[in-house]
There are 2 protein chains.
Amino acid sequence: MDRRQKKTRQAVFEAFTGLLERKPYGKISVQEIIDAADIGRSTFYAHFETKDELLRALCADIFRHVFSEGLQRESTHDFSTREKDLRAELAHILYHLDDSRSCIRAILSCESGEIFMRYFKEHLARVFAGELERQSAQAPRDYLLQHLVWDFAETVRWWMKHDGYSAEEVSRFFFAAAPVT
Amino acid sequence: MDRRQKKTRQAVFEAFTGLLERKPYGKISVQEIIDAADIGRSTFYAHFETKDELLRALCADIFRHVFSEGLQRESTHDFSTREKDLRAELAHILYHLDDSRSCIRAILSCESGEIFMRYFKEHLARVFAGELERQSAQAPRDYLLQHLVWDFAETVRWWMKHDGYSAEEVSRFFFAAAPVT
DNA sequence: TCATAACCGAACAAACTGTTCGGTATTATG
DNA sequence: CATAATACCGAACAGTTTGTTCGGTTATGA
């Protein structure tokens, strides 16, 4: 990838998150992003079709780091091992989210948070999908899966709003309050 | 309130939710709402300062019915009574949400859902506030309270997406999966 | 060195926003 | 019924934002 492209892309991302910290997504104009990033108008549109697409790209960029490796979790039948694996994977996710904390906090501070959360939950659904094989008579399987997903996603949102907790602590909070079984 | 005002207001609400079913909040222009409601431009602005304010008013209108009476729950110290009261109050909320189902579903289908959920959670926080007096060493009190709030709010969002479940069933799902203790 | 590709920035049409204002129709009230 | 108040209409307006185009400039990598 051309050095100029990377630089421009990064400048836009930074300008965007910087603005996001000060005003809600909906009130930020493309022109402001362009000015803040200090690039030409046509350059912006050469990189991103629209403001929404920029947000999407930014989220993808974050998740690329967060969900990078956790793919190869063994599908073992040993329960205790499996739970240990899950805990490890979630811990890994929390650690990497912490790296982008200020950026994520900015995104979550307004409507753009909805977009972020939607992508985030899509990823999480894949992570949790294997956890619920035993049927429950109490509620639909889909409900229970989504329950885990939004519990974790909302826990992260809560974490981003409340400084001072480590990834380990938050992980404990989650397992204490969520019905992971 | 003047009969004309009520009519106009209602027409705008209907036009708005109608549009919301077809396209995301952010892509709907005030002009479209005006055309769909078949009113004059200045009339719209006489009623609502902005599109956001219209959404806020619509949410308030819904919640006015949903959270109407449940205020006078006794603060008894009898646990079983208190839980019964809570169940009754949540059931009441679910019933009334069901009345506005199509409208709510439209709102929840896009970014506007974020706004709806925020107001909804504010109301719910008040409902659940009394439930958690006993300290827990496992997690901060605030976390546990918010946990209940988003569990119920997200349960409702899930319900709105999945037709065919009664308020009672959904209530049971919630109590089966949430750590209401 | 040199072809390629990225960037610049001015200019443009189109759409949307929020306000104003003079005129018309409906309402509540006496 | 008469009338004052008030909601509505809709055209016109300035200002902003959007997304595109295009000729020219500059940096990159081979």
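Just so it is clear, the values below take in all heavy atoms, side chains as well, and ignore hydrogens, waters and symmetry mates. Throughout, a chain's letter reflects where its sequence line sits, starting with A, and its residues are numbered from 1.
- Stacking of B:Arg101 on the aromatic ring of B:Trp159 is recorded, both the 6.0 Å distance cut-off and the 45° axial limit being met.
- The aromatic rings of B:Phe48 and B:Phe44 lie tilted to each other, with the angle between the two planes from 30° to 60°.
- When the C1' atom of C:dA5 is taken as reference, atom NZ of A:Lys6 falls 15 Å away, rounded to whole Å.
- Proximity of A:Ile115 to A:Arg118: side-chain heavy atoms (C-beta onward) are separated by under 4.5 Å at one or more points.
- Across D:dT21, D:dC9, D:dG19, the shortest atom-to-atom separation from the side chain of B:Ile39 is found for D:dC9.
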Review item, nucleotides 16-18 of chain D N/O atoms under 3.5 Å of protein N/O:
| residue | atom | partner | partner atom | Å |
| --- | --- | --- | --- | --- |
| D:dT18 | OP1 | A:Val30 | N | 3.4 |
| D:dT18 | OP2 | A:Val30 | N | 3.1 |

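- Put simply, CD on A:Glu53 is 14 Å from C1' on D:dG19, counting in whole angstrom units.
- Here the P atom of nucleotide D:dC9 and the CG atom of B:Asp38 are 8 Å apart, to the nearest Å.
- For C:dC7, neither phosphate oxygen OP1 nor OP2 lies less than 4.0 angstrom from any side-chain nitrogen or oxygen of A:Ser42.
- Side-chain contact between B:Phe173 and A:Gln138 is absent, with no heavy atoms from C-beta onward closer than 4.5 Å.
- Regarding contacts with the backbone of C:dC7, a side-chain N or O of A:His47 is found under 4.0 angstrom from either OP1 or OP2.
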Are there any protein N/O atoms within less than 3.5 Å of an N/O atom in nucleotides 28-30 of chain D, and if so, which ones and at what distance?
| residue | atom | partner | partner atom | Å |
| --- | --- | --- | --- | --- |
| D:dG29 | OP2 | A:Arg3 | NH2 | 2.8 |

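- Rounded to an integer number of Å, the gap from NZ of A:Lys27 to C1' of C:dC16 is 14 Å.
- A:Glu154 pairs by the side chain to side chain donor-acceptor pair (under 3.5 Å) definition with A:Arg157, not counting sequence neighbours.
- For A:Phe152, the ring pair (Phe, Tyr, Trp, His ring centres under 6.0 Å) partners are A:Phe174, not counting sequence neighbours.
- Rounded to an integer number of Å, the gap from A:Phe48 CZ to D:dT20 C1' is 18 Å.
- The local environment of CD in A:Glu49 is sparse, with at most 12 non-hydrogen atoms from other residues, nucleotides or ligands closer than 6.0 Å.
- Here B:Arg9 contributes atom CZ and B:Leu54 contributes atom CG; the two are 9.0 Å apart, rounded to the nearest 0.5 Å.
- An angle of 40°, rounded to 10°, separates the two end axes of the helix from C:dT1-D:dA30 to C:dG30-D:dC1, each defined over five pairs.
- Whole-Å rounding puts the B:Phe44 CZ to C:dT20 P distance at 16 Å.
- Listed by chain and number, the residues in a side chain to side chain donor-acceptor pair (under 3.5 Å) with B:Glu168 are B:Tyr95, B:Ser166 (sequence neighbours excluded).
- Taking the six-membered ring for Trp and thresholds of 30 and 60 degrees, A:Phe63 and A:Phe120 have nearly parallel ring planes, at less than 30 degrees apart.
- Using a 4.5 Å heavy-atom cutoff, the side chains of B:Arg64 and B:Asp61 are in contact.
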